[in-house]
Visitor: 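Let me give you the structure first, and then I'll get to my questions.
Remember, it's a predicted structure, so these values are computed and weren't measured experimentally. Side-chain atoms are counted along with the backbone in the values below, which use heavy atoms only and exclude waters and symmetry mates. So that the names make sense, note that chain A is the first sequence line, chain B the second, and so on, each numbered from 1.
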Amino acid sequence: MTGDSKEKQNAEQVEKTRQPILKTLRVENLNDLVRKGLDLGYRVFAPVKDDRLVTFEQISSPEEAFLDGITSRTSPKSVLFPRTERIFSYKIRKDEIVVEDNADISQPTMIFGCRPCDAASFPIMDRLFQWDYQDRFWIERRKGMVIIAVSCLDCDDACFCTSVGLAPDSTEGSDILLTLVSRDQYLAEVMTEKGEDFAEKTGLFDEAGADLDKETATKAVREKLGKKFDLDKIKPWLDENYEHEFWAEVTRMCIGCGICTYVCPTCHCFDLVDEAHYDGGAKIKNWDACQFAAFTVHASGHNPRPDQISRHRQRIMHKYKYYPDNLGAVLCTGCGRCVRHCPMEVNLIRILKGISDMEKAGVGEE
Amino acid sequence: MTEEHAAAVQPTVAHSGGNGLENIYLPQLMVIQEITQETPDVKSMKLVFKDEEMQKNFSFRTGQFGEFTVFGVGESTFNICSSQTWKDHIECCFRKVGRVTSALWEMNEGEIIGFRGPYGNWYPVEKMEGQNILFIAGGIALPPVRCMIWHALDMRDKFKDITILYGARTVADLVFKRELEEWQKRDDVTIVTTVDPGGETPDWKGKIGFVPTVLKEVSPSSDNTIALVCGPPIMIKFTLPVLLEQGFAREDILTSLENRMKCGLGKCGRCNVGKVYICKDGPIFTAAAVALLPEEY
Amino acid sequence: MIEQIREKAKELLASGEVKVVIGYENGGLPETTRPVFITSPDEVDRLVWNKYCYANLATFLWRKEVSSLGKPAIVAKGCDVKAIVVLIQESQIKREDVVILGVTCTGVGDPPLSKCPICDVNTPREYDCLFGEEIPPKTDINKFADVDEFEKKSPEERWEFWEEQLSKCVKCYACRQVCPMCYCEICIADKNQPQWIETSSHTRGNYHWNLVRAWHLAGRCVDCLECERVCPVDIPLSLVNRRLAKSVKARFGYEPGYDTEAPPPFTDFKPQDPEEFIK
Amino acid sequence: MSDETKTEDKPAAAEKEWQPRIIAFVCNWCTYAGADLAGTSRMVYEPHVRIIKLPCSGRIDVSFIIKAFEQGADGVMVSGCHPGDCHYTAGNYHARRRFGGFRDLLEFCGFDMRRVVFSWVSAAEGKKWADLVNEAVAKIRELGPFKEYQKLLAEDIWRKEETNSDRETG
């Protein structure tokens, strides 16, 4: 564990912070932006609506993108971390095995129209995939990726980005962040060299005047979001209270369906399986979740996390204690998907608020 | 080859760098050189890299583990149960319990498996040098201790007294029987073997009793001694208090945790216990470190 | 009505007849409720009853996190009671080990869920106490209208439909987890010796999983629609469940969830069972 | 996508030699014995059926049928003892109930039910077995390969690459 500080340094290096360059984009040019991306050879992923379901899909024309709504059902993490992907394949011959390192990794990719909370998930997960061993599947895809996010002008009761240190117009993780500042104009904050390079190639951006400010545009949604819990109170409580009756009380209704982890932009646990025929096969990486009973079960049958209460605690502990301990960031962007889509309304906000209230009360007593 | 396929296998221009990170999940091929059936359901295997150059350059530290692939079936985590002092091959030892181990069980000498590793931490050999070492193992958990036993024996003059206490449920369940006999014959090692009551055979010459009980009888000194304990959770649970009673400090007791793993690289999240990833920060922990972990192992 | 439920809950807890009351409380989001497990008579005011009480609480009757609390009383709509009936039929719980607080229900959801207009158990068929005005069961409803409609499609169209729907499946198994009937200790999807169902979420593996899931619920599914409600990618799961329900009804004249004494159809047979398709 | 070219050039070469692949799940006591009788009586019938014998038709699960298709079968036959003749008294009665469910389930999901044949064949009905096989093979020849399912196979994330690299060398 001596490498801790070095690892943190590494992680920080990934997020090259620089002064944003302010530009503008006319609303009528938004579709052209996507078209330019396609023309430049990017695989473009955007929210796509099918009935009530909004997911991130590869699109071939700007009209397919759906930018309304709060958040998409599933997060754009699937672009870098597909729910199922081959990581190599092999042929089984009579006296020989031929391993082929043939995973389909690198194409320039553009994520268009994600929310700032989703964009923020990428630098958080960079830390893990660059931690110690370098995961090329994540890192190489990430290098070839441009993220164009759009600020939120609305939110719902499940959103809590402001409570985890982000904002509806946070530039974290975006290469270019678009904020609708007037009826016909986006303010474009170009955050990275990648973004600048892309903006230049499209030729669609104009210099921004000094009068534009996104604060006014996002003021209403900021106020609506408010603060739902005190983040600073969470970790100190978690540090002390691995055992606490609170856990059972707030998670007993959890049925272990794992939807929270599957829709989460920062949950990244996976499984490695072989799928094969007599003459060959592949190693496949699939999403997996700490909420599943089989996740931790030993070969002997012993399960270190034998009930749903301990499995749910693990999810919260991992996001709000272990990840900050190891990698210096909360593994959560407040997108609210887990709250929104939990069939039993376990409600992470409620749990975190419960913790932060308890901690407050505790401090008061002292 | 279609254009699209070309794009899929080669980094495109817009893809900056193309600095060719390695695929860390890719296994190396190893040939099964020798198989020994240790007990009715345990086998050990000697493995060599198919690529000679690879074998020459391969190095690891005693106590590390690897991810072993049976192609077409899956991957499983085993400790490398040979010592780092052995250069010409590595060994692994497994019990036939799951999908991968059952497939591995059916394999023959000369067949090929995959290997990724070495992963994880290793025994703090430098700290152990010049000290007495007490090895305590139960059942199938001898292999992760055995690598260190051989390491110590190969560099015998660097260590003081070596005591081995090994127990299994029955005589048939003792693994590495040949080596147990070999160690028995040496005069620079004290070895005590035991089987659970009822597990003995008429000609059994070792002790009868559970490991913690026998440990009390043996009552090794804790002076300048490091204890290595490996075994089923229940054995560890009852052995620790005995060691503490004998005056061992928690810092001087080492154990190896065996959580379920998949990637071995600290990514997949499976072996996360507290802030620790067993695969990356472990598998070897002092009892003091284990005491800090939530009980999820 | 909720006052009466709370009162009964209080009485049951105070007398020690039950150790926990499984019911609904208000959720943190608007128009939601959350399962709640009341163990003290002082907390019964948390219980609510409204049209957002979607969840089928019967699933908690066998979950060890809840069953460990002791004997339960459970707030149950007519459709939920059907699930309890099947659990009793299949010996997962004993009738005397649960107090059923039946509630009459005119439909949940806004607009009502698709199961509600074709519901014939607005008044539960099995209960210990009933809350709310009794509602006479509807007659003249075709429970399988949408199934019939779907069957008019050609095999190609049907294949195409399911191929598209099942390609969305992310294999989160939420449909299984929420199902009150999926109480197997080890699900076939988690077995790997042999690996019947591939864990990857490609369409082929998804086909296998979803067909097997539906099949394992044949003659057991009470159409509580929980699987469809929770599916994060909106697969119309209950459609195929209900096709099997229709099949079981047509072939064996059996509908699950009405009679605790009836033998489940696939544990039983009659020498004259239909076999028109067997050569 | 290059999928189209892929599916085009593969069957193009394979079309000529395509033969139906049929998997038969049969009970050990009746149908298997019946098939045996067909063999010992030197009846000549189509060779495209691969028989998997089970203790009883009551053991046959819908997963077997799906798995067979997953592995590339074009048709599946399921067969056991006639009602009343079960070696285990009632295995086939139970099986019969389930078979009805399999049929309706598969049909609903768009499987062409001409590809799945259920039958009762006794140990004495070698002729019936031979006829059933001939009939099934003829039917499936007419229907051609189970393209819909095989498309799912082609989507398989490792087979896809194989077809690509095969093309590379060929």
Side-chain angles (χ1 to χ4, degrees), chain C residues 147 150-151 153-163 165-167 188 194-198 200 202-212 214-219 239-248 250-252 254 265-279, chain D residues 57-58 61-67 69-71 77-80 82-84 90-121 128 131-132 135-136 147-160:
Chain C
V147 175
F150 188 81
E151 281 182 300
K153 291 176 192 260
S154 70
E156 292 75 29
E157 286 170 325
R158 291 200 293 265
W159 181 274
E160 206 177 297
F161 175 85
W162 288 112
E163 192 184 345
Q165 290 297 332
L166 298 182
S167 69
I188 183 150
Q195 184 102 45
W196 278 107
I197 296 169
E198 281 159 322
S200 305
H202 42 48
T203 315
R204 182 165 48 92
N206 295 347
Y207 245 92
H208 201 157
W209 161 244
N210 284 283
L211 262 62
V212 166
W215 170 243
H216 286 185
L217 289 166
L239 188 61
V240 52
N241 286 353
R242 273 146 22 74
R243 172 63 186 91
L244 283 167
K246 182 185 157 186
S247 165
V248 167
R251 288 178 188 277
F252 320 120
Y254 175 88
F266 290 105
T267 63
D268 192 28
F269 66 87
K270 291 201 175 67
Q272 66 276 17
D273 278 337
E275 54 167 39
E276 78 294 343
F277 59 93
I278 301 180
K279 287 185 181 165
Chain D
S57 50
D61 190 79
V62 74
S63 268
F64 292 16
I65 303 177
I66 298 171
K67 204 79 188 170
F69 287 131
E70 265 184 14
Q71 305 279 325
M77 296 177 74
V78 175
S79 187
H82 284 274
N92 56 355
Y93 282 127
H94 286 289
R96 185 170 60 179
R97 284 206 155 190
R98 282 181 224 141
F99 291 171
F102 299 173
R103 217 204 83 88
D104 293 345
L105 172 65
L106 295 173
E107 185 175 40
F108 192 67
C109 293
F111 287 71
D112 188 333
M113 288 320 287
R114 292 173 294 183
R115 294 187 185 277
V116 187
V117 181
F118 298 91
S119 62
W120 305 133
V121 174
K128 182 176 178 185
D131 290 347
L132 279 168
E135 203 181 306
K147 281 210 198 84
E148 294 87 350
Y149 222 107
Q150 277 145 26
K151 193 177 134 212
L152 303 185
L153 280 176
E155 272 171 20
D156 191 313
I157 40 189
W158 63 271
R159 286 197 164 258
K160 197 176 201 169

Visitor: Is there a donor-acceptor pair under 3.5 Å between the side chain of C:D273 and the backbone N or O of C:F252?
Guide: no
Visitor: Do C:R158 side-chain atoms and C:F150 backbone N/O form a donor-acceptor pair below 3.5 Å?
Guide: no
Visitor: Quick one: what part of C:W159 sits under 4.5 Å from any heavy atom of chain D, side chain, backbone, both or neither?
Guide: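 For C:W159, backbone and side chain are both near chain D.
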Visitor: Please look at C:L244 and chain D and tell me whether the side chain, the backbone, both or neither of the residue comes under 4.5 angstrom of a heavy atom of that chain.
Guide: side chain
Visitor: Under 30°, 30 to 60°, or over 60°: which ring-plane class applies to C:W196 and C:H208, parallel, tilted or perpendicular?
Guide: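 Taking C:H208 first and then C:W196, their aromatic rings stand perpendicular (interplane angle over 60°).
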Visitor: Between C:P274 and chain D, which part of the residue has a heavy atom less than 4.5 Å away: side chain, backbone, both or neither?
Guide: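 Just its backbone gets close to chain D.
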Visitor: Please report the closest heavy-atom contact between C:T203 and C:E163, naming both atoms and the distance.
Guide: CG2-O, 3.9 Å
Visitor: Count the heavy-atom pairs under 4.5 Å between each of D:K128, D:E107, D:M113, D:E148 and chain C, then report the option with the highest count.
Guide: D:E148
Visitor: Are C:F266 and C:W215 close enough, and set up right, to give a ring pair (Phe, Tyr, Trp, His ring centres under 6.0 Å), and what steps lead you there?
Guide: CA-CA 11 Å; C:F266 290 105; C:W215 170 243; 5.3 Å; yes
Visitor: Which bit of C:V248 is near chain D, if near means a heavy-atom gap under 4.5 Å: side chain, backbone, both or neither?
Guide: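 Nothing of C:V248, per the 4.5 Å heavy-atom cut-off to chain D.
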Visitor: Please classify the contact between D:D112 and chain C as side chain, backbone, both or neither, with a heavy-atom cut-off of under 4.5 Å.
Guide: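 When you check distances to chain C, no heavy atom of D:D112 falls under 4.5 Å.
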Visitor: Does D:R103 make a cation-pi contact with D:F118, if we ask for NZ or CZ under 6.0 Å from the ring centre and within 45° of the axis?
Guide: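 No, a cation-pi geometry is absent between D:R103 and D:F118.
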Visitor: Donor-acceptor pair, distance only, cut-off 3.5 Å: does the side chain of D:R96 make one with the backbone of C:P271?
Guide: yes
Visitor: Which atoms of C:T267 come close to chain D, meaning under 4.5 Å heavy atom to heavy atom: side chain ones, backbone ones, both, or neither?
Guide: backbone
Visitor: Looking at C:A214, C:P265, C:A218, which makes the most heavy-atom pairs under 4.5 Å with chain D?
Guide: C:P265
Visitor: With a 4.5 angstrom heavy-atom cut-off, which part of C:D268 approaches chain D: side chain, backbone, both or neither?
Guide: both
Visitor: Tell me, side chain or backbone of C:L239 under 4.5 Å from chain D's heavy atoms, or both, or neither?
Guide: both
Visitor: Heavy-atom cut-off 4.5 Å, strictly under: side chain, backbone, both or neither for C:K270 against chain D?
Guide: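 Contact with chain D involves both backbone and side-chain atoms of C:K270.
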Visitor: With a 6.0 Å cut-off on the ring centroids, do C:Y207 and D:F69 count as close?
Guide: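 When the ring centroids of C:Y207 and D:F69 are compared, they turn out to be at least 6.0 Å apart.
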Visitor: Could you tell me whether the side chain of C:P155 reaches within less than 4.5 Å of the side chain of D:F111, counting heavy atoms only?
Guide: no
Visitor: So what's closer than 4.5 Å to chain C heavy atoms on D:V78: side chain, backbone, both or neither?
Guide: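 Looking at D:V78, nothing touches chain C.
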Visitor: Name the member of D:C109, D:G101, D:G100 that forms the most heavy-atom pairs with chain C at distances under 4.5 Å.
Guide: D:C109
